[in-house]
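Any value given below was found using the heavy atoms of this structure, including those in side chains, with hydrogens, waters and symmetry copies removed. A, B, ... follow the sequence lines: proteins, then strands. Residue 1 opens every chain.
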Amino acid sequence: MLDLKQIRDNAAVVQELLNRRSTDTYQIQPLLELDRQQRELESTRTHLQARSNKIGKLIGEKIRGGSDPKGAEIAALKEEGNEIKAQLGASQPQIEQLKTEIEELLLAFPNLPDESTPIGANETENVEIRRWGDEYLPQNPNILPHHDIAKQLGIIDFERAVKVAQSRFVCLTGAGAALERALITFMLSRHIAAGYVEVMPPILVNSTALTGTGQLPKFAEESFKCDKDDLWLTPTAEVPVTNLYREEILQASQLPIYHCAYTPCFRREAGSYGKDTKGIIRLHQFNKVELVKFVHPETSEGEHQTLVQDAEAILQALKLPYRVIQLCTGDLGFSAAKCYDLEVWLPSAGKYREISSCSNFKDFQGRRGKIRFKEAKKKGTQFVHTLNGSGLAIGRTMAAILENYQQPDGTVKVPEVLQPLLGREML
RNA sequence: GGAGAGGUGGCCGAGUGGUUGAAGGCGCAGCACUGGAAAUGCUGUUUGGCGGCAACGUCAACGAGGGUUCGAAUCCCUCCCUCUCCGCCA
């Protein structure tokens, strides 16, 4: 959520930053007008309330001082109290209406892009920052797509999973399931060693939590909902982990907080019909290890860089070629101010595919979820900066391994670092 | 699912409808005492909105939302959550 005060005081700057995402889509003027009306009414209300409070206090004092509770003096005060109450009651619906409208508008605004986020209209204008692992690019010219090799090896059952659920679900079998599990364990172990505290959060989350991280209200179509319970299947561990600290006031000394979490993730993939229909690149249910940081605003840029490095470290350990791109303003996620994607090399497609997205949300989620911190000896509280990144998407990592480690004879080598966990060298 | 109990400040815990934003305690911070510390004493210690350079003023908040009243933490209604016991169950 954006800071209403900031919008009010720096309207032109805010509007310009919003325009960087998309011209003409986000207009703050209507919001400013509602805000002006609301503040005017609120000011009147405050004054009436102050008088009403005084009357109440006065009546108490007079009665205790010996005035007749049924006398004319008290009756006059009561009468004035009643008049004020009538006035307050008359203006209340309007104030509430305005507040609701302002809140709804505010929740629908995306985060302001960071100054360092390159300006661009869409993903074609994202900027490549660096590449890693050219020396590990596979030399085999006849690499099968991951789903074909997986079928051949008998480690993924596509048909039966569809029978059990529907399309875009898979069932891992034998070494496939073991590899998935090994990847989860491997990634978590690395992140724990790097200082992240593992959590295993609920994977059903309520509407307030989804609003806190920014999936609601705009992206309700993207998540599965358990209608009877106001619970949703989490689309990413970002939601439950970030919301662990919702409505809390932390001590500055507690920061930074680093968490890593493995969870299944569930997405409807609405609007992506026909995209990536084969294989395990785009599923309704997939596994992911997520990194989440809660940090002091002053350190968030540095924390973002190290977060990206922590995600990269997994790809490097697995010796999978990848590149880092920085998203331009037109491709930036709703809640993010700045974002780097890690893209892993997929030989069968002949291109890099997203395997991790590392975002700095700055105070956007902190404000939505009321995650604050207090500095000793300083008045007031500040919103924490939150950051998160995949570390990594497990299914896509598996796909990358099945292709990059594929041998000419149709076998797949197990990455060295996974061999001890899996207890085998080849799939 | 059945039965019961309860939700008050960072924590524990009072609270008879009228200077209660809230006693008392713990914790924390500052000051005093000390060579230094402990102990002790004094002072301070919620959050948000609005106004103000600031001191401060004012409004709101005792799970949430309504209601009664001149006035509600306190009375009434609805909802949510937590805990205990029983049942079922990984």
Side-chain angles (χ1 to χ4, degrees), chain A residues 1-9 31-32 34-103 105-107 200 202-212 226-232 240 243-255 257 264 294 363 366-384:
Chain A
M1 188 153 61
L2 300 182
D3 180 5
L4 185 54
K5 204 182 285 180
Q6 189 198 0
I7 297 175
R8 201 147 61 208
D9 297 344
L31 174 69
L32 287 171
L34 291 177
D35 176 53
R36 194 192 56 74
Q37 291 176 28
Q38 194 273 130
R39 298 208 307 155
E40 199 176 301
L41 285 172
E42 189 66 32
S43 158
T44 308
R45 193 203 62 82
T46 300
H47 286 114
L48 284 173
Q49 191 62 54
R51 177 60 189 160
S52 171
N53 288 348
K54 274 214 181 71
I55 291 170
K57 210 174 265 182
L58 205 56
I59 290 176
E61 281 169 13
K62 297 233 182 236
I63 291 175
R64 265 173 290 119
S67 292
D68 175 9
K70 295 198 171 129
E73 194 185 14
I74 301 293
L77 284 169
K78 284 193 181 184
E79 178 54 30
E80 191 186 346
N82 274 325
E83 274 169 28
I84 290 174
K85 194 159 66 163
Q87 288 183 55
L88 288 173
S91 66
Q92 200 186 341
Q94 203 184 345
I95 292 179
E96 274 172 20
Q97 172 71 20
L98 282 168
K99 279 187 174 167
T100 307
E101 283 177 33
I102 289 168
E103 178 79 3
L105 282 180
L106 222 39
L107 285 173
M200 207 173 266
I203 54 178
L204 294 191
V205 296
N206 59 39
S207 297
T208 314
L210 281 161
T211 306
C226 310
D227 229 350
K228 281 186 179 174
D229 304 292
D230 184 36
L231 287 170
W232 309 63
N243 277 282
L244 288 175
Y245 297 94
R246 199 180 70 233
E247 286 150 54
E248 289 195 28
I249 299 174
L250 304 162
Q251 297 298 322
S253 58
Q254 289 176 265
L255 301 176
I257 295 171
F294 303 83
D363 65 1
R367 181 171 290 107
R368 283 185 163 238
K370 298 185 183 67
I371 310 172
R372 292 169 288 176
F373 73 96
K374 189 172 174 55
E375 264 173 310
K377 295 179 189 176
K378 260 201 187 173
K379 217 167 76 173
T381 58
Q382 300 177 66
F383 292 108
V384 301

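Put simply, the side chain of A/S52 never gets that close to the backbone of A/L48: no donor and acceptor are under 3.5 Å apart. Formation of a donor-acceptor pair under 3.5 Å by the A/R368 side chain with backbone atoms of A/L107 is found in this model.
Rounding to whole angstrom units, CG of residue A/D230 and P of B/C79 are separated by 17 Å. Atom CZ of A/R51 is separated from atom P of B/G57 by 20 Å (rounded to the nearest Å). Nucleotide B/C59 holds its C1' atom 17 Å from the CD atom of A/E40, rounded to whole Å. Between A/L250 atom CG and B/U46 atom C1' there is a gap of 16 Å when expressed in whole angstrom units. When rounded to the nearest whole Å, the span between CD of A/E247 and C1' of B/G63 equals 11 Å. One interatomic measurement links the two molecules: CG of A/N82 to C1' of B/U68, which rounds to 12 Å at whole-angstrom precision. Between A/L106 atom CG and B/G48 atom C1' the separation is 15 Å, expressed in whole Å. Note: CG (A/L41) to C1' (B/C59) measures 15 Å, nearest angstrom.
Residue A/K374 qualifies as enclosed at atom NZ: its count of foreign heavy atoms under 6.0 Å is above 12.
Side chain of A/I59, nearest nucleotide from B/C70, B/C59, B/U47: B/C70. In this structure, the nucleotide among B/U58, B/G18, B/U69 sitting nearest to the side chain of A/A50 is B/U58. Residue A/I55 has its side chain nearest to B/C70 when only B/U47, B/C59, B/C70 are considered. If you check B/G71, B/U58, B/U47 against the side chain of A/I249, the one that comes closest is B/U47. Listed nucleotides B/U47, B/G66, B/U69 differ in distance to A/K374; the shortest reach to its side chain belongs to B/U47. Residue A/K78 has its side chain nearest to B/C70 when only B/C70, B/C50, B/C59 are considered. Checking B/G18, B/C70, B/U58 against the side-chain heavy atoms of A/K85 singles out B/C70 as nearest.
For B/C56 and B/G66, the P atoms lie 33 Å apart once the distance is rounded to whole Å. Nucleotides B/U47 and B/A22 are separated by 14 Å at their C1' atoms, to the nearest Å. Across B/U20 and B/G27, the matching C1' atoms stand 23 Å from one another, rounded to whole Å. One C1' atom belongs to B/U46, the other to B/A54, and the distance between them is 22 Å to the nearest Å. A distance of about 13 Å separates the C1' atoms of B/G71 and B/U19, rounded to the whole Å. For the P atom pair drawn from B/U78 and B/G25, the interatomic distance equals 39 Å after rounding to whole Å. For the P atoms, the distance linking B/U74 with B/C62 amounts to 8 Å, nearest Å. B/G49 and B/C42 have their C1' atoms separated by 34 Å, given to the nearest Å.
For the OP1/OP2 pair of B/C50 and a distance below 4.0 Å, the side-chain nitrogens and oxygens of A/R8 include at least one atom meeting the criterion. In this structure, A/K62 does not reach the B/C70 phosphate: none of its side-chain N or O atoms is under 4.0 Å from OP1 or OP2. OP1 or OP2 of B/G51 has at least one side-chain nitrogen or oxygen of A/R39 nearer than 4.0 Å. Residue A/K370 places no side-chain N or O under 4.0 Å from the OP1 or OP2 atom of B/G48. The side chain of A/R45 places no N or O atom within less than 4.0 Å of a non-bridging phosphate oxygen (OP1 or OP2) of B/C50. At the phosphate of B/G10, neither OP1 nor OP2 sits under 4.0 Å from any side-chain N or O atom of A/Q251. For B/C59, one of the phosphate oxygens OP1 or OP2 lies less than 4.0 angstrom from a side-chain nitrogen or oxygen of A/N53. Close to B/G71, at under 4.0 Å from its OP1 or OP2, lies no side-chain N or O of A/K54.
Using the Watson-Crick or G-U wobble rule with both distances under 3.5 Å, B/A23 pairs with nothing in any strand shown. Of all nucleotides present, none satisfies the Watson-Crick or G-U wobble test against B/C88 with each distance under 3.5 Å. The nucleotide B/A39 finds no pairing partner, because no Watson-Crick or G-U wobble arrangement with both distances shorter than 3.5 Å includes it. Nucleotide B/A14 forms a pair with no other nucleotide shown, judged by Watson-Crick or G-U wobble geometry with both contacts under 3.5 Å. B/G51 is paired with B/C56 under the Watson-Crick or G-U wobble criterion, all donor-acceptor distances under 3.5 Å. Nucleotide B/G6 forms a Watson-Crick or G-U wobble pair with B/C81, both donor-acceptor distances falling under 3.5 Å. Pair assignment for B/A61 gives B/U46, based on Watson-Crick or G-U wobble hydrogen-bonding distances that are each under 3.5 Å. B/C33 is unpaired under the Watson-Crick or G-U wobble criterion, no partner having all donor-acceptor distances under 3.5 Å.
Residue contacts shown for A/I84 are absent, as no nucleic acid heavy atom lies under 4.0 Å away. Looking at heavy-atom distances under 4.0 Å, A/T381 makes contact with sugar-phosphate atoms alone, never a base.
Side-chain atoms of A/Q87 and A/E83 include no donor-acceptor pair closer than 3.5 Å.
The nearest pair of heavy atoms linking A/F383 to A/G366 is CD2-O, 3.3 Å. Scanning all heavy atoms of the two residues, the minimum distance from A/N243 to A/A209 falls at ND2-O, 2.8 Å.
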**OP:** Step by step, work out the side chain to side chain contact (heavy atoms under 4.5 Å, CB included) result for A/E80 and A/R51.
**Re:** CA-CA 9 Å; A/E80 191 186 346; A/R51 177 60 189 160; 2.8 Å; yes
**OP:** Evaluate salt bridge (charged side-chain N to carboxylate O under 4.0 Å, His left out) for A/K99 paired with A/E96, printing each intermediate quantity in order.
**Re:** CA-CA 5 Å; A/K99 279 187 174 167; A/E96 274 172 20; over 6 Å; no
Original post:
Hey, mind stepping through A/D35 and A/I7 against side chain to side chain contact (heavy atoms under 4.5 Å, CB included) and telling me if it holds?
Top reply: CA-CA 10 Å; A/D35 176 53; A/I7 297 175; over 6 Å; no
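When the nearest nucleotides of RNA chain B are assigned to A/G56 and A/E79 by heavy-atom distance, the more 5′-ward of the two goes with A/G56. Heavy-atom nearest nucleotides on RNA chain B were determined for A/S52 and for A/K5, and the one closer to the 5' end corresponds to A/K5.
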